[in-house]
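In this chain, residues are counted from 1 in sequence order.
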Amino acid sequence: MLWSLLLVLAAECDCEESSLQLLQHKATARTATTGGRENSSFTKVAPCQGPVQVLSDVDDTFMSSGGSWPAGCDGVFTKSVIFPGFAQFVVELARGPEEDLYVLRPAVFSARPDSFDFLKVDRNSPMAGALTPTLNPDDPAIWDQYNAEIKIEVPENMVAYNYQDGGFAKVLKQQTGQPFTSFGLNVAGSKYGHVDDFVDFTKMGNTKFENFQEMFLEEAAKDSAKACAIFVGDDGQGDCIPASEKMRKFVKPGTKELGLKAAFIHQLTCTDKPVCEAEAATPGAAPRILFKTYLDAAQKARKHGLISEAGEARVRTAVEIFFQVYCAEDGTSRAPETLGDLGCEQLFTALHASPEEEISVEEVAQAAATRPARRFAAWCLHCCNGQISNGRGTYDFERQTFRCYNKYHTTSMWRVNWAAGNGACHSHCRSK
């Protein structure tokens with residue numbers, strides 16, 4: 001009764017159009033989920049067409065939680081490591097199958113509480129750094145370990161906008177902007193959860209769906225009928241059910257067109273996680289696509305017509321470069337402080353799923369030229385004799401002195417300059 005009354009009030013009030021639509025949509029959605037009769041027009045809609053806004057979860061999607069509760073449950077990669085290929089995958093989703101040069105900056109949709117600023121992703125975070133195309137010499141040394149130093153590949157003439165600043169219209173009109181360096185994370189347009197959601201997965205998912213609606217019905221309401229979204233999440237909490245389930249059936253206001261092109265759900269290595277199943281596209285819902293690695297995600301995105309074949313190849317290169325730096329040729333880890341053997345095994349399997357796609361000499365050279373690879377080489381040269389520790393406590397890299405015991409720590413008064421262990425020399429310095 002209450003929600004029926006709200007519908008009547010909404011129809012008669014002098015609210016702004018976007019607020020009216022939000023009230024009507026929330027009332028309709030509430031009626032549908034509480035046993036009311038669902039509007040049949042919501043099941044006869046077209047797939048979404050228009051520029052793509054990529055929305056991504058953070059923990060266990062963008063970067064690893066390291067299995068740290070309550071952030072996430074997957075410990076295959078160390079905490080805060082950005083998943084290999086993620087950043088390039090997001091670029092390709094934003095560009096689409098036609099490799100557009102006018103795009104929307106990706107935004108974070110996280111369950112982290114909005115009231116705690118220290119939990120938000122800021123412009124100085126490794127996640128923001130991973131989505132910039134240029135290397136900053138002032139990036140912290142620890143970023144090597146987090147995979148924030150291997151840069152994305154974007155065209156020099158690509159221009160990016162924020163959705164909340166009229167970005168949808170600017171993309172469609174192809175307005176001029178600052179090229180190349182303009183691509184990056186839309187920090188201001190990112191959205192977060194509530195403290196009272198805490199570890200209630202249903203509440204987390206519902207909050208993400210509410211944020212999804214608000215993007216279309218409030219911040220970007222003027223041009224939202226011309227735009228689409230792609231959601232990237234994981235199956236560890238509420239991203240699959242209920243968030244993606246509701247997003248994939250959401251209809252853009254004033255249209256008979258879906259708001260979501262696809263939901264990509266990262267399959268985690270966890271116990272007691274919620275059930276999540278892939279779903280094909282239907283006349284009333286966008287597809288839900290499950291994946292293990294971001295190379296797997298890129299291959300499926302290309303098959304669904306969401307990215308180009310060249311875009312898939314660029315994601316593959318990003319994953320290959322990471323593998324060349326952090327993993328041995330047999331698929332085991334060279335850097336247990338970054339990922340375990342299972343992580344390398346997953347990447348090895350994905351990279352060798354297509355035997356005809358051999359690792360190129362250029363990819364090997366690209367990997368060797370990265371800052372993380374050069375740090376490995378300097379550390380092995382000065383801290384080890386082959387695969388055995390040489391007893392030294394420090395090494396120099398890029399005009400700074402670091403500890404051999406932890407190759408990412410600079411020296412300081414409170415850190416003892418211990419030598420590297422034989423186990424570390426064996427894993428880091430064995431031949432590829």
Novice: Do E362 and Q366 meet the criterion of a side-chain donor-acceptor pair at a distance under 3.5 Å?
Specialist: no

Novice: Assess the pair H266 and F83: is the distance between their ring centroids shorter than 6.0 Å?
Specialist: yes

Novice: Does one side chain, of N417 or T394, offer a donor that lies under 3.5 Å from an acceptor on the other?
Specialist: no

Novice: Can you tell me which residue among D239, D197, L55 is in a side chain to side chain contact (heavy atoms under 4.5 Å, CB included) with K208?
Specialist: D239

Novice: Side chains of E398 and R374: does their closest heavy-atom pair fall under 4.5 Å?
Specialist: yes

Novice: If you count the non-hydrogen atoms of other residues, nucleotides and ligands that lie under 6.0 Å from OH in Y408, is the total more than 12?
Specialist: yes

Novice: Can you find a pair of side-chain heavy atoms, one from V187 and one from V121, that are under 4.5 Å apart?
Specialist: no

Novice: So does S125 get a backbone contact from the side chain of D122, meaning a donor-acceptor N/O pair under 3.5 Å?
Specialist: yes

Novice: So, K191 and E214, do they make that salt bridge, N to O below 4.0 Å?
Specialist: yes

Novice: Is it true that E92 and R314 have a side-chain N and a carboxylate O under 4.0 angstrom from each other?
Specialist: yes

Novice: Run the side chain to side chain contact (heavy atoms under 4.5 Å, CB included) check on E279 and R248 step by step: do they pass?
Specialist: CA-CA 10 Å; E279 295 287 351; R248 58 192 290 267; 3.2 Å; yes

Novice: Has N186 got a side-chain atom pairing as donor or acceptor with G189's backbone, closer than 3.5 angstrom?
Specialist: yes

Novice: Any ion pair linking K203 and D196 (charged N to carboxylate O, less than 4.0 Å)?
Specialist: no

Novice: Can E245 and R288 be counted as an ion pair, charged N to O under 4.0 angstrom?
Specialist: yes

Novice: Could you tell me whether the side chain of P84 reaches within less than 4.5 Å of the side chain of N147, counting heavy atoms only?
Specialist: yes

Novice: Give a yes/no verdict on a cation-pi contact between R415 and Y405, requiring under 6.0 Å between NZ or CZ and the six-membered ring centre and an angle within 45° of the axis.
Specialist: no

Novice: Which label fits Y102 and Y161: parallel for a plane angle under 30°, tilted from 30 to 60°, or perpendicular past 60°?
Specialist: parallel

Novice: So, using salt bridge (charged side-chain N to carboxylate O under 4.0 Å, His left out) as the criterion, who are the partners of K120 when residues are at least two apart?
Specialist: D114, D117

Novice: Sub-3.5 Å donor-acceptor pair from the side chain of R302 to the main-chain atoms of G311, do we have one?
Specialist: no

Novice: Measure centre to centre between the rings of Y294 and F291, then say whether the value is under 6.0 Å.
Specialist: yes

Novice: For the residue pair T293 and V319, establish whether any side-chain heavy-atom pair is separated by less than 4.5 Å.
Specialist: no

Novice: Tell me, do H428 and E337 make a side-chain contact under 4.5 Å, heavy atoms counted?
Specialist: yes

Novice: Is the closest side-chain donor-acceptor distance between T332 and D341 under 3.5 Å?
Specialist: no

Novice: Strictly distance-based, threshold 3.5 Å: is any side-chain N or O of T349 a donor or acceptor partner for the main-chain N or O of E345?
Specialist: yes

Novice: Return each pair, listed once, that meets side-chain hydrogen bond (donor to acceptor under 3.5 Å, both in side chains) where at least one residue sits in residues 66-80; pairs must be two or more places apart or across chains.
Specialist: none

Novice: Please answer whether the main-chain N or O of E210 pairs with a side-chain N or O of K246 as donor and acceptor at a distance below 3.5 Å.
Specialist: no

Novice: Between K273 and D235, does any side-chain N to carboxylate O distance fall below 4.0 Å?
Specialist: yes

Novice: Show the numbers, then the answer: is there a side chain to side chain contact (heavy atoms under 4.5 Å, CB included) between F77 and M63?
Specialist: CA-CA 9 Å; F77 289 74; M63 72 174 193; over 6 Å; no

Novice: Tell me, do L217 and P253 make a side-chain contact under 4.5 Å, heavy atoms counted?
Specialist: yes

Novice: Under the 3.5 angstrom rule, does the side chain of K252 hit a backbone N or O of A225 as a donor-acceptor pair?
Specialist: yes

Novice: Using 30° and 60° as the class limits, which term best fits the ring planes of F348 and F323: parallel, tilted or perpendicular?
Specialist: tilted

Novice: Output yes when a side-chain donor or acceptor of K261 lies under 3.5 Å from a complementary backbone atom of A229, and no otherwise.
Specialist: no

Novice: Within the structure provided, determine whether I82 and F62 are in side-chain contact (heavy-atom separation under 4.5 Å).
Specialist: yes

Novice: Examine distances only and state if a side-chain atom of W379 and a backbone atom of C404 form a donor-acceptor pair shorter than 3.5 Å.
Specialist: yes

Novice: Side chains of Q145 and T338 only: does a donor on one sit below 3.5 Å from an acceptor on the other?
Specialist: no

Novice: Give a yes-or-no answer on whether the side chains of Q237 and D59 include a donor-acceptor pair shorter than 3.5 Å.
Specialist: no

Novice: Indicate whether any N or O donor in one side chain lies under 3.5 Å from an N or O acceptor in the other, for E363 and T317.
Specialist: yes

Novice: May I ask you to say whether R371 pairs ionically with D139, meaning some side-chain N is under 4.0 Å from a carboxylate O?
Specialist: no

Novice: Between K407 and F376, is NZ or CZ placed under 6.0 angstrom from the six-membered ring centre and within 45° of the ring axis?
Specialist: yes

Novice: Any sub-3.5 Å donor-acceptor pair from T370's side-chain atoms to A367's backbone N or O?
Specialist: yes

Novice: Would you check if Y326 and L339 make a side-chain contact, meaning some heavy-atom pair closer than 4.5 Å?
Specialist: yes

Novice: Measure from the ring center of F212 to the ring center of F231 and say whether it is less than 6.0 Å.
Specialist: no

Novice: Using modelled atom types and a 3.5 Å cut-off, is there a donor and acceptor pairing between side-chain atoms of R334 and backbone atoms of C327?
Specialist: no

Novice: Kindly state whether the ring of F116 and the ring of Y192 have centres lying under 6.0 angstrom apart.
Specialist: no

Novice: Please tell me whether R403 and H409 have a donor and an acceptor in their side chains that are separated by less than 3.5 angstrom.
Specialist: yes

Novice: Would you kindly check if the NZ (Lys) or CZ (Arg) of R105 is within the cone defined by 45 degrees around the ring axis of F183 and under 6.0 Å from the six-membered ring centre?
Specialist: no

Novice: Output every pair passing disulfide bond (SG atoms under 2.5 Å apart) with a member in residues 58-122, not counting sequence neighbours, ordered by first then second residue.
Specialist: C73-C270

